[in-house]
Amino acid sequence: MAVKPSKADKKIAYDAKLCQLLDEYTQILIAAADNVGSKQLQNIRKGLRGDSIVLMGKNTMMKRSVRMHAEKTGNQAFLNLIPLLQGNVGLIFTKGDLKEVREEVAKYKVGAPARVGLVAPIDVVVPPGNTGLDPSQTSFFQVLNIPTKINKGTVEIITPVELIKKGEKVGSSEAALLAKLGIRPFSYGLVVLSVYDNGSVFSPEVLDLTEDDLIEKFATGVSMVTALSLAISYPTLAAAPHMFINGYKNILAVAVATEYSFPQADKVKEYLADPSKFAVAAAPVAAAGGGAAPAAAPAEEEKKPEPEEESDDDMGFSLFD
């Protein structure tokens with residue numbers, strides 16, 4: 001007969017398992033497990049099997065194991081996990097793509113009825129239509145101020161009604177009505193709250209960022225640094241090209257207004273002295289932009305010579321008739 005392990009043995013085994021996972025995995029998803037059943041959690045474990053492991057446990061035990069493991073290994077990055085172990089949470093250790101693992105976890109959501117005293121995670125709206133309930137059930141609707149009418153011997157809801165607002169507690173009347181209507185308004189599953197990656201902790205929304213989003217944010221940051229550097233005349237790598245161009249413009253303006261000159265300003269002065277050169281310089285550009293149409297115009301004129309003027313006699317009548 002197998003000997004049942006004691007509580008102390010279970011704690012030792014749990015501590016060893018958690019420490020082993022901390023050494024083996026560098027990516028951890030911290031997920032809330034409120035209202036998640038054992039069967040649902042078992043399905044999640046099966047879906048993640050291969051490169052991910054789900055570990056649940058008491059927060060005090062997990063904090064103790066993490067703290068002791070950090071002291072033992074000297075890796076203080078593990079201590080960043082301790083503030084995240086609040087509430088009913090579990091750890092998902094993974095070697096796969098964090099975004100894909102989070103999406104896989106989100107697939108295993110199960111519909112649940114509205115129980116009395118439960119805080120609504122979303123707004124609950126009762127749709128209009130026939131409820132299939134007999135007229136004796138109208139008391140439920142009257143208590144909740146839901147407009148109804150009797151249609152073909154059954155209760156029919158006239159307009160959509162916002163029964164419960166997000167953040168409110170579900171009352172006994174609301175729970176009874178939703179149960180009678182067969183509405184399961186809520187869905188529950190593991191919800192990723194934070195991401196731990198090699199000692200760094202960040203929000204799961206970061207996983208939704210694409211390369212285009214990162215490039216856009218980087219470009220915005222560079223433009224802000226550039227604007228600030230130019231405003232306070234502080235040289236930075238981002239502002240250096242603009243500073244050189246602005247300096248060149250200032251020196252060029254001085255050279256144009258005075259007798260001072262330098263090679264880059266000579267050509268500008270030459271153009272300002274003879275404005276006709278602007279037209280000469282613009283001609284090749286206009287020719288390149290216009291294509292072959294202007295060149296074909298003279299040939300068209302040769303194909304269609306102007307007809308000779310006809311006299312009044314040739315036309316068969318006189319202008320003075």
>> Tell me the closest heavy-atom pair linking G199 and N80, and the distance in Å.
In response: O-ND2, 2.7 Å
> Do V54 and Y25 belong together in a cluster built from hydrophobic side chains that touch within less than 4.5 Å?
Replying inline: no
> Are D9 and S6 close enough that a side-chain donor and a side-chain acceptor fall under 3.5 Å?
Replying inline: yes
> Hey, does V36 have a side-chain heavy atom less than 4.5 Å from the side chain of M56?
Replying inline: no
>> When you group the ILVMFWY residues by side-chain heavy-atom contacts below 4.5 Å and let the links chain together, are L84 and I53 in the same group?
In response: yes
> With a 4.5 Å limit on heavy-atom distance, are the side chains of S52 and L29 in contact?
Replying inline: no
>> Tell me the closest heavy-atom pair linking A32 and L193, and the distance in Å.
In response: CB-CD1, 3.7 Å
> What's the spacing between S229 OG and M243 CE if we round to 0.5 Å?
Replying inline: 6.0 Å
>> Could you check whether any side-chain N or O of Q137 sits under 3.5 Å from a backbone N or O of V155, counting only pairs where one atom can act as donor and the other as acceptor?
In response: no
>> Taking atom NZ as the centre, does K269 end up with more than 12 heavy-atom neighbours from other residues, nucleotides or ligands that are less than 6.0 angstrom away?
In response: yes
>> How about CD on E216, more than 12 heavy atoms from neighbouring residues, nucleotides or ligands closer than 6.0 Å, or not?
In response: no
>> Within the 4.5 Å heavy-atom criterion, are V195 and V201 side-chain neighbours or not?
In response: no
>> My understanding is that only residues two or more places apart in sequence, or in another chain, count here; which of them pass side-chain contact (heavy atoms from CB on, under 4.5 Å) with M68?
In response: R64
>> Show the nearest heavy-atom pair for residues N59 and G87, with the distance to one decimal.
In response: ND2-O, 2.7 Å
> What do you reckon, is CG of L237 surrounded by more than 12 foreign heavy atoms closer than 6.0 Å?
Replying inline: no
>> Would you say L118 ends up clustered with V126 if hydrophobic residues are merged whenever their side chains have heavy atoms under 4.5 Å apart, either directly or through other cluster members?
In response: yes
>> Could you check whether atom CE of M224 has more than 12 heavy atoms from other residues, nucleotides or ligands sitting under 6.0 Å from it?
In response: no
> About how many Å separate OG of S65 and CD1 of I12, when rounded to the nearest 0.5 Å?
Replying inline: 11.0 Å
>> Within the structure provided, determine whether N130 and I157 are in side-chain contact (heavy-atom separation under 4.5 Å).
In response: no
> Counting only heavy atoms not in F262, do more than 12 sit closer than 6.0 Å to its CZ atom?
Replying inline: yes
>> What's the separation between atom CD in Q40 and atom CG in N43, rounded to the nearest 0.5 Å?
In response: 7.5 Å
> What's the shortest heavy-atom distance between A265 and A255, and which atoms?
Replying inline: CB-CB, 3.9 Å
>> Rounded at 0.5 Å granularity, tell me how far NZ in K149 sits from CD1 in I158.
In response: 6.0 Å
> Just wondering, more than 12 heavy atoms not from E211 lying within 6.0 Å of its CD?
Replying inline: no
> Distance-only, no hydrogens or angles: does the D51 side chain make a donor-acceptor pair with backbone N or O of T94 under 3.5 Å?
Replying inline: no
> Less than 4.5 Å apart, any side-chain heavy atom of L177 and any of V143?
Replying inline: no
>> Among K107, E100, R102, exactly one meets side chain to side chain contact (heavy atoms under 4.5 Å, CB included) together with E104. Which residue is that?
In response: K107
>> For a 4.5 angstrom cut-off between non-hydrogen side-chain atoms, does V105 reach I92?
In response: yes
>> Under the rule for salt bridge (charged side-chain N to carboxylate O under 4.0 Å, His left out), what residues qualify as partners of K95, not counting sequence neighbours?
In response: E24
> Hey, quick one: are Y108 and L41 part of the same hydrophobic cluster, counting side-chain heavy atoms closer than 4.5 Å, chains of contacts allowed?
Replying inline: yes
> Do L98 and V101 pass the side-chain contact (heavy atoms from CB on, under 4.5 Å) test, and can you show the C-alpha distance, the side-chain angles, and the key distance before you say yes or no?
Replying inline: CA-CA 5 Å; L98 291 171; V101 173; 5.8 Å; no
>> Any non-hydrogen side-chain atom of I164 less than 4.5 Å from a side-chain atom of D123?
In response: no
> What's the verdict on side chain to side chain donor-acceptor pair (under 3.5 Å) for D23 and H69, showing C-alpha distance, side-chain angles and the deciding distance?
Replying inline: CA-CA 9 Å; D23 289 334; H69 190 65; 2.7 Å; yes
> Where do K109 and S187 come nearest, in terms of heavy atoms and distance?
Replying inline: CD-OG, 4.2 Å
> What's the spacing between D197 CG and L207 CG if we round to 0.5 Å?
Replying inline: 9.0 Å
> Would a 4.5 Å heavy-atom cut-off, applied to side chains only, mark T154 and T131 as touching?
Replying inline: no
>> A quick test of your reading: do over 12 heavy atoms of other residues, nucleotides or ligands sit less than 6.0 Å from OH of Y234?
In response: no
>> Using only atom types and a distance under 3.5 Å, with no angle test, would you say the side chain of T236 pairs donor to acceptor with the backbone of A239?
In response: yes
>> As a quick check of understanding, evaluate side-chain contact (heavy atoms from CB on, under 4.5 Å) for T226 and H242, giving each step before the final call.
In response: CA-CA 8 Å; T226 303; H242 301 277; 3.5 Å; yes
>> Ignoring hydrogens, what is the shortest heavy-atom contact between G57 and Y14? Give both atom names and the distance.
In response: CA-OH, 3.5 Å
> Same hydrophobic cluster for F186 and V161, using side-chain heavy-atom links shorter than 4.5 Å among ILVMFWY?
Replying inline: yes
> Are L91 and I28 close enough, and set up right, to give a side-chain contact (heavy atoms from CB on, under 4.5 Å), and what steps lead you there?
Replying inline: CA-CA 6 Å; L91 302 177; I28 306 173; 4.1 Å; yes
>> side-chain contact (heavy atoms from CB on, under 4.5 Å) for F78 and Y196? Distances and angles first, verdict last.
In response: CA-CA 9 Å; F78 290 137; Y196 172 93; 3.6 Å; yes
> What distance separates I215 CD1 from T220 OG1, expressed to the nearest 0.5 Å?
Replying inline: 11.5 Å
> Just wondering, more than 12 heavy atoms not from K63 lying within 6.0 Å of its NZ?
Replying inline: yes
>> Any side-chain to backbone donor/acceptor pair from N250 onto N246? Under 3.5 Å, distance only.
In response: yes
